Amino acid sequence: MSAHTSPAVTYDPVAGLHTRQVTVRPPGPGEVGIDVRAAGVCHSDLHILTGDWPSDRPLVLGHEAAGVVSSVGAGVTGLAVGDHVVLSWFAPCRRCRKCLAGMAWLCTGTRAVANTLPDGTTPFTDERGEEIWPYLGLGAFTSRLVVPESAAVKVPDELPFGIGALLGCSISTGVGAAMNTAQVRPGESAVVIGAGGVGLSVVMGLRLVGADPVIAVDLSPERRAAAERFGATHTLDGAATDVAAWCQENLGGVDYAFEAIGSPKVIETLPGMLTSGGAAVLVGMAATGATGAFDLFDLADQGKRILGCNYGSSVGALDIPRLARLYLAGRLPLDELIGSVRPLAEAAAAFEDLRSAVGTRTILEP
Ligand SMILES: NC(=O)c1ccc[n+]([C@@H]2O[C@H](COP(=O)([O-])OP(=O)(O)OC[C@H]3O[C@@H](n4cnc5c(N)ncnc54)[C@H](O)[C@@H]3O)[C@@H](O)[C@H]2O)c1
Ligand SMILES: [Zn+2]
Ligand SMILES: [Zn+2]
């Protein structure tokens, strides 16, 4: 096994978004090398470019990806060369209290959110031999990467790589928000604010569990039309409608209000949309340090709840294959979630797709 050099889409606070050659070392003990075949462009990558989540170090961006195992390190038993895998950006340690309790999405042993491998190192160096770090422990906007075995989840070979990529973040987060975090039941009502890759996946999850009605809210007419195709029974223009007033007047409040943008202003309006006993589900990620204000008397008096949702409360090794099976059985219309497919060299345009909320999810192919 030898080191591999290829172009990667990187970000650093000085050079900004950049494509440069990176070298990735071979996998060490407990690690696997992955040939990336498709990577989705998620708003969590954009949060780095906008400075919402400041990074003090150069990163290889990309955390929503699928590919093929190209090499395995010593002691790897669960994966073999040639396996098709979806990468899970919250590589669980499998040893901490949360992992042992079945809550891998809250793993305290992972280093993924510090943008390193579990041992605190990076597998990537740039042309000058300087370290460059894997965003969310992956760094998927390149053709080859190295991850711990727990970050690569085997999926059926017939699963298209683009779908697999989206299963790695937006779909497991969005569908999981409905199924796992909120545990919505048939006939319960829900509103979803923000219909990007994550919000549309919440809509799909709500349809899967039989929620009704499902109201999708976005500023973009294209995204509202997409939400209808994914099962929204109503759509509202967020700029023209007081969504809380609409929910109270038309439905006496909804059982669940999902936010899939990361906007403190929008999050503050969620409890006003709820019926008593309802829950606001925070799926969108706000900027680091953002705070919000709620009507505290109303929350307590009406028994309203606020649920945080990291990674759709998903255990990647269980939920990713489960969602892949549902797709292959025709139960989740995931093909429609893929908008443009672009080469890695068009990363800047792919971020522009995301910013302008045109189409649905953009996939980059190395
Ligand atoms: N909880 C998690 O684990 C997790 C995982 C993945 C992504 N996220 C977060 O989810 C959020 C959404 O990600 P995405 O990739 O779907 O983003 P996106 O940019 O594709 O979608 C956001 C959507 O919100 C819409 N929008 C923006 N402002 C609005 C407003 N005021 N009212 C109504 N609609 C509005 C946009 O038009 C767009 O369609 C981001 O904050 C991302 O970081 C969280
Ligand atoms: Zn993501
Ligand atoms: Zn853990």
Side-chain angles (χ1 to χ4, degrees), residues 39-48 50 52-53 61-65 87-113 118 135-136 138 140 148 150 165-174 176-177 180-181 191-203 216-224 226-227 235-241 243 258-267 269 281-287 290 307-315 337 339 350-351 353-362:
V41 184
C42 173
H43 206 112
S44 298
D45 295 296
L46 190 55
H47 281 309
I48 296 289
T50 57
D52 286 347
W53 301 346
L61 293 175
H63 66 281
E64 185 178 73
L87 301 181
S88 172
W89 55 261
F90 206 68
C93 77
R94 297 173 169 166
R95 286 188 300 275
C96 74
R97 270 171 51 206
K98 304 294 174 184
C99 282
L100 295 177
M103 296 187 289
W105 64 91
L106 298 177
C107 173
T108 54
T110 186
R111 302 287 295 272
V113 283
Y135 183 44
L136 294 174
L138 300 183
S150 70
L166 302 190
L167 284 175
C169 183
S170 48
I171 297 168
S172 31
T173 298
N180 304 331
T181 312
V191 60
V192 182
I193 327 276
V198 175
L200 290 171
S201 299
V202 177
V203 171
V217 184
D218 205 291
L219 308 175
S220 149
E222 210 176 320
R223 292 284 167 89
R224 294 198 296 274
T235 57
L236 300 173
D237 177 354
T241 320
V243 180
F258 294 85
E259 202 267 7
I261 307 162
S263 157
K265 274 177 111 165
V266 174
I267 292 168
T269 66
V281 189
L282 277 51
V283 192
M285 295 272 188
L307 309 177
C309 172
N310 192 25
Y311 213 169
S313 312
S314 300
V315 177
L337 204 54
F351 276 111
D353 295 344
L354 188 71
R355 265 185 228 271
S356 56
V358 296
T360 41
R361 203 57 143 195
T362 297

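Just follow the structure's listing: the first ligand is 1, and inside any ligand the first atom is 1. Note that the structure is predicted; figures quoted are calculated from it, not measured.
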Just which atoms of ligand 1 are under 4.0 Å from any heavy atom in [X]?
{"X": "His47", "answer": "40 (C), 41 (O), 42 (C), 43 (O)"}
{"X": "Arg361", "answer": "14 (P), 15 (O), 16 (O), 20 (O)"}
{"X": "Tyr311", "answer": "1 (N), 2 (C), 3 (O)"}
{"X": "Arg223", "answer": "20 (O), 21 (O), 38 (C), 39 (O)"}
{"X": "Gly284", "answer": "9 (C), 10 (O), 11 (C), 41 (O)"}
{"X": "Gly197", "answer": "16 (O), 20 (O)"}

Report the nearest protein non-hydrogen atom to [atom]: residue, atom name, distance rounded to 0.1 Å.
{"atom": "atom 28 (N) of ligand 1", "result": "Leu219 CD1, 3.7 Å"}
{"atom": "atom 44 (C) of ligand 1", "result": "Val283 O, 3.1 Å"}
{"atom": "atom 21 (O) of ligand 1", "result": "Gly196 CA, 3.3 Å"}
{"atom": "atom 4 (C) of ligand 1", "result": "Thr173 CG2, 3.6 Å"}
{"atom": "atom 22 (C) of ligand 1", "result": "Ala260 O, 4.0 Å"}
{"atom": "atom 16 (O) of ligand 1", "result": "Val198 N, 2.9 Å"}

Evaluate Ser313 against Asn180 for side-chain hydrogen bond (donor to acceptor under 3.5 Å, both in side chains), listing each step before the verdict.
CA-CA 6 Å; Ser313 312; Asn180 304 331; 5.9 Å; no

The Zn ion (ligand 2) reached by Cys169 (N, O or S, under 2.8 Å):
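Of the N, O and S atoms in Cys169, at least one lies under 2.8 Å from the Zn ion (ligand 2), which means yes.
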
Minimum non-hydrogen distance to [atom], winning option of [options]:
{"atom": "atom 18 (P) of ligand 1", "options": "His43, Glu259, Arg224", "result": "His43"}
{"atom": "atom 36 (C) of ligand 1", "options": "Leu46, Val192, Asp218, Val266", "result": "Asp218"}
{"atom": "atom 30 (C) of ligand 1", "options": "Ile171, Ile261, Asn310", "result": "Ile261"}

From Cys42 SG over to Leu136 CG, what is the distance, rounded to the nearest 0.5 angstrom?
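That separation rounds to 9.0 Å.
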
Measure the spacing between CG of Leu282 and CD1 of Ile267 and express it to the nearest 0.5 Å.
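The distance works out to 4.5 Å.
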
Report yes or no: does Ser170 have a heavy atom closer than 4.0 Å to ligand 1?
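No.
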
What do you reckon, does Arg355 put a non-hydrogen atom under 4.0 Å from ligand 1?
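No, that is not the case, since the closest heavy atom of the residue is not under 4.0 Å from the ligand.
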
Between Trp89 and His63, what is the ring plane arrangement, given parallel below 30°, perpendicular above 60°, and tilted in between?
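Correct class here is perpendicular.
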
Which heavy atom of [X] sits nearest a heavy atom of [Y], and at what distance?
{"X": "Gly339", "Y": "Thr360", "value": "N-OG1, 3.3 Å"}
{"X": "Glu64", "Y": "Val41", "value": "OE1-N, 3.9 Å"}
{"X": "Leu167", "Y": "Ser172", "value": "O-OG, 2.5 Å"}

Looking at [X] and [Y], would you say the former's side chain and the latter's main chain have a donor-acceptor pair under 3.5 Å?
{"X": "Thr110", "Y": "Ala91", "answer": "yes"}
{"X": "Trp53", "Y": "Asp45", "answer": "no"}
{"X": "Glu222", "Y": "Ala226", "answer": "no"}

Hey, is Cys169 touching ligand 1 through its side chain, its backbone, both or neither, going by heavy atoms under 4.0 Å?
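Side chain only.
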
Once you restrict to heavy atoms under 4.0 Å, what part of Ser44 touches ligand 1? Side chain, backbone, both or neither.
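The answer is both.
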
Can you give the angle His63 NE2 - the Zn ion (ligand 2) - Cys42 SG, rounded to 10°?
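Seen from the Zn ion (ligand 2), NE2 and SG are separated by roughly 110°.
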
Do Ser88 and Tyr311 have side-chain N/O donor and acceptor atoms under 3.5 Å apart?
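Yes.
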
Once rounded to 10 degrees, what value does the angle at the Zn ion (ligand 3) take between SG (Cys107) and SG (Cys93)?
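With the Zn ion (ligand 3) as the vertex, the angle is close to 100°.
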
Scan Cys309, Cys169, Ser170 and name whichever one has a side chain to side chain contact (heavy atoms under 4.5 Å, CB included) with Val198.
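When side chain to side chain contact (heavy atoms under 4.5 Å, CB included) is applied between Val198 and each of Cys309, Cys169, Ser170, only Ser170 qualifies.
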
Side chain to side chain contact (heavy atoms under 4.5 Å, CB included) with Val202: which of Ile171, Val192, Val281?
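That would be Val192; it is the only one of Ile171, Val192, Val281 passing the side chain to side chain contact (heavy atoms under 4.5 Å, CB included) with Val202.
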
Determine whether Met103 and Cys99 satisfy the following criterion, side chain to side chain contact (heavy atoms under 4.5 Å, CB included), listing intermediate values before the conclusion.
CA-CA 5 Å; Met103 296 187 289; Cys99 282; over 6 Å; no

Does the N or O separation between Met285 and ligand 1 drop below 3.5 Å for any pair?
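N/O-N/O distance under 3.5 Å: yes.
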
